[in-house]
Protein chains: 2
Amino acid sequence: MSEPKDRPYHHGDLRRALIDTALAMLAVDQNWAFTLREVARRTGVSHAAPYKHFRDREVLLRELARIGFVRLEETMTEAMSPAMPSTRAQFVAAAQACIGFACQNPALYRLMFSSDADKTMDPQLHEAAMSTFGILLGLLDKGQRNGSFRPVAVSALAAASWAQVHGLAMLEINKQLLEEKVGSSPVPAALDVLLDGMCCTD
Amino acid sequence: MSEPKDRPYHHGDLRRALIDTALAMLAVDQNWAFTLREVARRTGVSHAAPYKHFRDREVLLRELARIGFVRLEETMTEAMSPAMPSTRAQFVAAAQACIGFACQNPALYRLMFSSDADKTMDPQLHEAAMSTFGILLGLLDKGQRNGSFRPVAVSALAAASWAQVHGLAMLEINKQLLEEKVGSSPVPAALDVLLDGMCCTD
DNA sequence: GTTACAAGTTTCTCCTGTAAACATGGAGGA
DNA sequence: TCCTCCATGTTTACAGGAGAAACTTGTAAC
């Protein structure tokens with residue numbers, strides 16, 4: 001893991017290396033023990049080096065959150081791309097992709113939606129989050145146009161489906177969805193109930 | 001805030017005093033800067049004193065979470081008690097009470113549903129959480145009996161409504177429910193969409 | 001009364017974030 | 001070519017937190 005000699009004094013692209021290390025840590029450390037010093041250590045650099053690239057811890061966190069939104073958007077877009085029999089099926093696929101992303105990157109997902117990553121502090125982060133949200137809006141709009149979803153205010157559908165998916169994701173990654181509470185397959189069950197309210201009667 | 005002299009060497013009920021101080025801190029500090037030393041300081045004891053009553057920080061956090069569940073249950077029970085025209089209205093009242101509780105105690109609410117407060121570690125915490133969840137189950141069951149809610153598996157309704165309410169609460173306290181995304185009154189709107197899927201057609 | 005124990009305090013070690021001062025090496029002008 | 005600047009490293013320093021260990025103090029039981 002550590003090459004003692006061959007590293008030149010100047011790293012080359014420490015900024016990117018720090019981000020990569022941090023993302024790798026977030027992917028492994030479910031439990032959110034994230035320290036700048038540990039990131040520096042694993043990157044093989046002194047604990048003060050990161051401050052040349054990030055004003056403070058929060059700035060790095062916000063950058064990680066931004067990348068998280070980009071990746072989530074990619075994940076959801078991929079999940080939606082195959083031919084689907086209905087917009088409803090596409091919605092389910094996107095929702096499950098989002099929840100799957102959260103399960104595979106729990107710490108990153110939590111970070112993305114925590115107030116640690118305050119979006120008012122960082123226009124780029126805000127933009128990334130809005131862009132990801134745009135996928136949902138696009139899907140809802142399409143569903144309304146083709147008669148799949150009820151013609152109520154799209155913002156209401158957006159609020160409901162976002163809350164539902166985010167709620168399921170948060171409960172899942174925090175291990176709250178115990179079988180004794182919500183049965184053995186809560187995610188599809190919950191999505192079905194919600195979609196019954198969103199969809200036009202067949 | 002601090003009486004320098006009159007405090008006897010032994011506090012009397014330091015355990016309760018620490019819990020009260022911590023709860024007060026959680027109510028004020030939205031942003032979750034919670035340190036044992038600060039709790040000790042504000043309680044007027046040395047920073048090591050809390051360790052006589054809580055093995056470590058986590059044990060105190062779990063106790064706070066437990067109390068949070070008790071209070072949430074009280075809040076929801078109160079909100080549901082007045083005469084309501086329908087089970088649906090009662091559901092909305094309970095849901096809004098839960099979200100209101102989260103908004104008024106954001107740090108506590110976050111703690112309650114974080115994996116910091118690992119329920120597998122503490123039977124009493126688990127029991128308190130289950131008891132609070134029981135309110136939802138009772139309401140759903142009653143609604144199914146009187147024909148308000150659809151006769152699908154109650155665990156599916158539970159999963160959907162819990163995820164919805166928790167999702168709304170989390171998004172709200174993390175200031176993610178921006179008007180540009182979900183309109184001006186996302187909570188009632190989202191609950192309505194969900195309930196359209198849960199309720200029998202009128 | 002003496003003594004034992006629960007519940008305080010002090011002191012210590014190791015960790016973190018962050019600031020300041022110092023070092024290095026590559027790029028651009030004399 | 002050489003000198004100098006400066007971005008990007010390192011070292012050192014400091015404040016504050018978790019928690020362990022050793023010490024102190026009331027009080028309650030014998």
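Numbers restart at 1 for each chain; the letters A, B, ... are given by sequence-line order, proteins then strands.
Of the candidate nucleotides D/dT10, D/dA18, C/dG17, D/dT10 has the atom lying nearest to any side-chain atom of A/A48. Side-chain proximity of B/L14 to D/dG9, C/dG8, C/dT16: nearest is C/dG8. Proximity note for B/K52 (side chain, C-beta onward) versus C/dG17, D/dG9, C/dA7: the nearest is C/dA7.
For C/dT18, its base sits under 3.5 Å from the side chain of A/R37 at one donor and acceptor pair at least. Taking only distance into account, the side chain of A/H47 never meets the base of D/dT11 through a donor-acceptor pair shorter than 3.5 Å.
Computed from coordinates, the B/L18 CG to C/dA7 P distance equals 12 Å when rounded to whole Å. As rounded to whole Å, 13 Å separates atom C1' of C/dC15 from atom CZ of A/R57. The nearest whole Å value for the distance from the CZ atom in A/F54 to the C1' atom in C/dA19 is 18 Å. Atom CE in A/M25 sits roughly 13 Å away from atom C1' in C/dT16 (whole-Å rounding). Taking atom CG on B/D13 and atom C1' on C/dG8, their separation rounds to 14 Å, with Å as the unit. The distance between atom CG of B/L60 and atom P of D/dG17, rounded to the nearest whole Å, is 15 Å. The distance from atom CZ of A/R15 to atom P of D/dA7 is 16 Å, rounded to the nearest whole Å. For the pair B/Y51 OH and C/dC12 P, the interatomic distance rounds to 18 Å; values are reported in whole Å.
Atom CD of B/E58 is surrounded by more than 12 heavy atoms from other residues, nucleotides or ligands within 6.0 Å.
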Q) Hey, mind stepping through B/R15 and B/H53 against side chain to side chain donor-acceptor pair (under 3.5 Å) and telling me if it holds? A) CA-CA 6 Å; B/R15 181 188 160 88; B/H53 299 274; 6.0 Å; no
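Between A/R41 and C/dT16 there is a side-chain polar atom (N or O) within less than 4.0 angstrom of OP1 or OP2. Remark: B/S46 is not in phosphate contact with C/dT10, judged by side-chain N or O atoms under 4.0 Å from OP1 or OP2.
Ring geometry, A/F113 versus A/H166: the interplanar angle falls from 30° to 60°, so the pair is classed tilted.
When only modelled atom types and interatomic distance are considered, A/Q176 and B/K119 share a side-chain donor-acceptor pair under 3.5 Å.
The residue among B/E58 and A/H53 whose nearest nucleotide of DNA chain D is located toward the 5' end is A/H53.
In summary, of the residues considered (B/L195, B/V154, B/D141), a side chain to side chain contact (heavy atoms under 4.5 Å, CB included) with B/F149 occurs for B/L195 alone.
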